[in-house]
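Have a look at the structure below, then the notes.
Fair warning: this is a prediction, and the values are worked out from it, not measured in the lab. Chain letters run A, B, ... following the sequence lines, proteins first and then strands; every chain starts at 1.
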2 protein chains.
Amino acid sequence: MKTLRVPEATVTRLSIYSRFLERLDKNGVTTVSSGEIAEGVGVSPAQVRKDLAYFGEFGTRGVGYNVKDLLKYTLKILGLDQPWSLAIFGAGNLGFALCTYRGFNIRSFHIAGVFDNDPTRIGKKIGNLEVQPLDKFPEIVKSENIRIGVIAVPVSAAQEVADLMVKNGLEAILNFAPVALNVPDHIEIRNVDLSVKLEILTFNLGFRAAQNL
Amino acid sequence: MKTLRVPEATVTRLSIYSRFLERLDKNGVTTVSSGEIAEGVGVSPAQVRKDLAYFGEFGTRGVGYNVKDLLKYTLKILGLDQPWSLAIFGAGNLGFALCTYRGFNIRSFHIAGVFDNDPTRIGKKIGNLEVQPLDKFPEIVKSENIRIGVIAVPVSAAQEVADLMVKNGLEAILNFAPVALNVPDHIEIRNVDLSVKLEILTFNLGFRAAQNL
DNA sequence: ATATATTTGTTATTATTTTCACATTCAGAC
DNA sequence: GTCTGAATGTGAAAATAATAACAAATATAT
Ligand SMILES: NC(=O)c1ccc[n+]([C@@H]2O[C@H](COP(=O)([O-])OP(=O)(O)OC[C@H]3O[C@@H](n4cnc5c(N)ncnc54)[C@H](O)[C@@H]3O)[C@@H](O)[C@H]2O)c1
Ligand SMILES: NC(=O)c1ccc[n+]([C@@H]2O[C@H](COP(=O)([O-])OP(=O)(O)OC[C@H]3O[C@@H](n4cnc5c(N)ncnc54)[C@H](O)[C@@H]3O)[C@@H](O)[C@H]2O)c1
């Protein structure tokens with residue numbers, strides 16, 4: 001096994017491969033080649049093999065990969081062979097959608113708490129979750145062993161929520177607010193910006209088109 | 001002005017710069033340096049200048065950039081100096097959140113139609129929008145001059161929705177379903193995958209931590 | 001057993017992206 | 001006017017990532 005730095009793009013693709021493998025497995029497919037994976041997710045076969053090579057040898061030359069095994073390996077690499085408890089801050093529209101999204105549970109994520117500071121929302125049910133006040137956060141972090149926080153509050157509140165998460169020992173943050181947050185180096189943080197991709201589309205439709213690039 | 005290929009990462013950052021500039025402008029800041037932009041969005045100053053250099057010279061040496069002007073330029077480059085009408089497919093939890101999100105309107109996006117195939121949802125109001133049946137799509141595309149479609153339906157329906165969009169002449173698609181869609185080359189398509197970033201976090205918390213990388 | 005067709009794992013090559021470093025330019029002080 | 005300090009724009013260098021190419025390995029057919 002290599003001890004090289006793994007590019008983040010490789011991890012991203014690994015997540016995508018694993019979801020493709022899940023689908024193959026559900027459809028009863030037992031063997032798959034790098035070419036078929038590549039075709040299925042829209043990358044090159046060499047890329048698929050290169051990505052997997054960071055973590056070991058999982059295939060059989062002349063044959064391909066065993067779907068069930070490769071799926072298990074990729075999930076393991078991504079850390080999805082164990083359950084992860086999440087805390088979501090902000091029980092607004094996006095928070096609601098995230099809480100009810102079944103796709104997370106399937107991949108070993110479990111929403112262990114939803115928090116909001118709006119008194120009219122606290123106590124309301126989202127599925128079988130109850131929206132909690134902020135002061136319940138510390139105890140729920142402990143009791144549910146939460147390591148990852150999700151920020152779905154307005155931009156104006158995002159930094160203070162991030163600070164609260166850090167103060168309570170969370171190790172990673174997924175931020176949906178379109179703002180760069182300040183957190184200590186040891187905190188893993190990633191932003192999901194729903195507008196940026198939309199603006200890549202308008203850029204391509206406009207500027208790039210005008211330049212004939 | 002250069003006629004080089006612009007990296008997509010540059011366009012992504014441009015979108016982020018422009019949002020940062022919006023905030024500065026709202027706060028009454030009139031001048032900003034590449035270093036301050038860099039600080040504000042979490043990249044290097046050289047990166048900021050290099051990104052802008054793809055499109056022209058916007059600053060004054062020794063001084064920096066005029067906030068209002070640079071904001072206007074970045075929006076123009078991104079194609080946001082004109083309104084864009086969107087069609088959203090899927091009036092479920094995510095579709096609902098997208099429809100009610102004010103952040104889109106602010107940046108010259110306008111949701112011109114929401115479509116669903118569930119009879120119990122058709123006719124329901126989301127804000128001042130009414131959920132439309134699929135067969136209304138062709139006429140609304142024309143009347144509202146829609147060029148961009150958003151897919152917020154389950155994976156199982158995503159490809160057929162994409163096909164419908166292509167058939168009706170849409171030019172770009174933003175896809176929230178976690179699956180690679182097949183569309184003709186001339187269609188701009190980007191996926192937004194909310195789980196992938198989460199799995200980068202678990203990877204970093206697990207595997208990467210174990211390797212001490 | 002041997003040959004053949006496949007497909008992996010890996011090294012070499014190429015391309016892309018980021019960082020660095022600095023000459024150039026400008027505003028303001030004196 | 002000239003000098004000084006500051007920050008841009010850019011070409012060269014370094015780092016990173018993707019692609020190509022092929023030897024090694026394996027299953028299957030004969
Ligand atoms: N809705 C979307 O489709 C969408 C798209 C892109 C980005 N976003 C971003 O996601 C975030 C949430 O968006 P939304 O549409 O759900 O907004 P929303 O207004 O519907 O919900 C925000 C929620 O956060 C709560 N809140 C505010 N301050 C808080 C605090 N300090 N602690 C805890 N809770 C607090 C509010 O009470 C509210 O319930 C925003 O930053 C938005 O920019 C949303
Ligand atoms: N909710 C989330 O937080 C979340 C997170 C990540 C990804 N996603 C993805 O976004 C998509 C939507 O998620 P959701 O939670 O809103 O699901 P949802 O089930 O709440 O909504 C899906 C909607 O699509 C409609 N639909 C189904 N087939 C259709 C068709 N052919 N044409 C038009 N409408 C159709 C359904 O009637 C329903 O209203 C899914 O692909 C999901 O994987 C959602």
* Pairing residues for A:Glu171 by the salt bridge (charged side-chain N to carboxylate O under 4.0 Å, His left out) criterion, not counting sequence neighbours ->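 A:Glu171 satisfies salt bridge (charged side-chain N to carboxylate O under 4.0 Å, His left out) with A:Arg147 only.
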| Partner residues of B:Glu160 under the salt bridge (charged side-chain N to carboxylate O under 4.0 Å, His left out) criterion, sequence neighbours left out |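 Salt bridge (charged side-chain N to carboxylate O under 4.0 Å, His left out) check on B:Glu160 returns nothing, list empty.
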Fill in: Listed partners of A:Tyr17 passing ring-ring contact (aromatic ring centres under 6.0 Å, His included), at least two apart
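ring-ring contact (aromatic ring centres under 6.0 Å, His included) list for A:Tyr17, sorted by chain: empty.
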Enumerate all atom pairs, one protein N or O and one N or O from nucleotides 6-8 of chain C, separated by less than 3.5 Å.
| residue | atom | partner | partner atom | Å |
| --- | --- | --- | --- | --- |
| C:dT7 | O4' | A:Gly62 | N | 3.1 |
| C:dT7 | O2 | A:Gly62 | N | 2.9 |
| C:dT8 | OP1 | A:Ser34 | N | 2.6 |
| C:dT8 | OP2 | A:Ser34 | OG | 2.7 |

Pairs under 3.5 angstrom only: tabulate donor-acceptor contacts from the side chains of residues 92-101 of chain B to other protein residues two or more places apart or in another chain.
| residue | atom | partner | partner atom | Å |
| --- | --- | --- | --- | --- |
| B:Asn93 | ND2 | A:Thr100 | OG1 | 2.9 |
| B:Thr100 | OG1 | A:Asn93 | ND2 | 2.9 |
| B:Thr100 | OG1 | B:Phe96 | O | 3.0 |
| B:Thr100 | OG1 | B:Ala97 | O | 3.1 |

| Residue pairs fulfilling side-chain hydrogen bond (donor to acceptor under 3.5 Å, both in side chains) with at least one residue in residues 56-69 of chain A, sequence neighbours excluded |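 Of all non-adjacent pairs touching residues 56-69 of chain A, those that pass side-chain hydrogen bond (donor to acceptor under 3.5 Å, both in side chains) are A:Asp25-A:Lys68.
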So which protein nitrogen or oxygen atoms get under 3.5 Å of nucleotides 15-19 of chain D's nitrogens or oxygens?
| residue | atom | partner | partner atom | Å |
| --- | --- | --- | --- | --- |
| D:dA18 | OP1 | A:Arg13 | NH1 | 3.3 |
| D:dA18 | OP2 | A:Arg13 | NH2 | 3.1 |
| D:dT19 | OP2 | A:Ser44 | OG | 3.4 |
| D:dT19 | O4 | A:Lys50 | NZ | 3.4 |

Got a list of protein N/O to nucleotides 28-30 of chain D N/O distances below 3.5 Å?
none

Which residues share a side-chain contact (heavy atoms from CB on, under 4.5 Å) with B:Asp116, sequence neighbours left out:
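B:Asp116 satisfies side-chain contact (heavy atoms from CB on, under 4.5 Å) with B:Ala91, B:Asp118, B:Arg121, B:Val131 once adjacent residues are dropped.
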Please tabulate, for side-chain N and O atoms in residues 34-46 of chain A, each donor-acceptor pair with protein atoms closer than 3.5 Å (sequence neighbours left out).
| residue | atom | partner | partner atom | Å |
| --- | --- | --- | --- | --- |
| A:Ser34 | OG | A:Arg49 | NH1 | 3.0 |
| A:Glu36 | OE1 | A:Ser33 | N | 2.9 |
| A:Ser44 | OG | A:Gln47 | N | 3.1 |

ask   = Tell me, which of residues 17-26 of chain A have any heavy atom that sits under 4.0 Å from an atom in DNA chain D?
value =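 Here the set is empty: none.
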* Identify, with sequence neighbours excluded, every residue that meets side chain to side chain donor-acceptor pair (under 3.5 Å) alongside B:Ser85. =>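 Counting only residues at least two positions away or on another chain, B:Ser85 forms no side chain to side chain donor-acceptor pair (under 3.5 Å).
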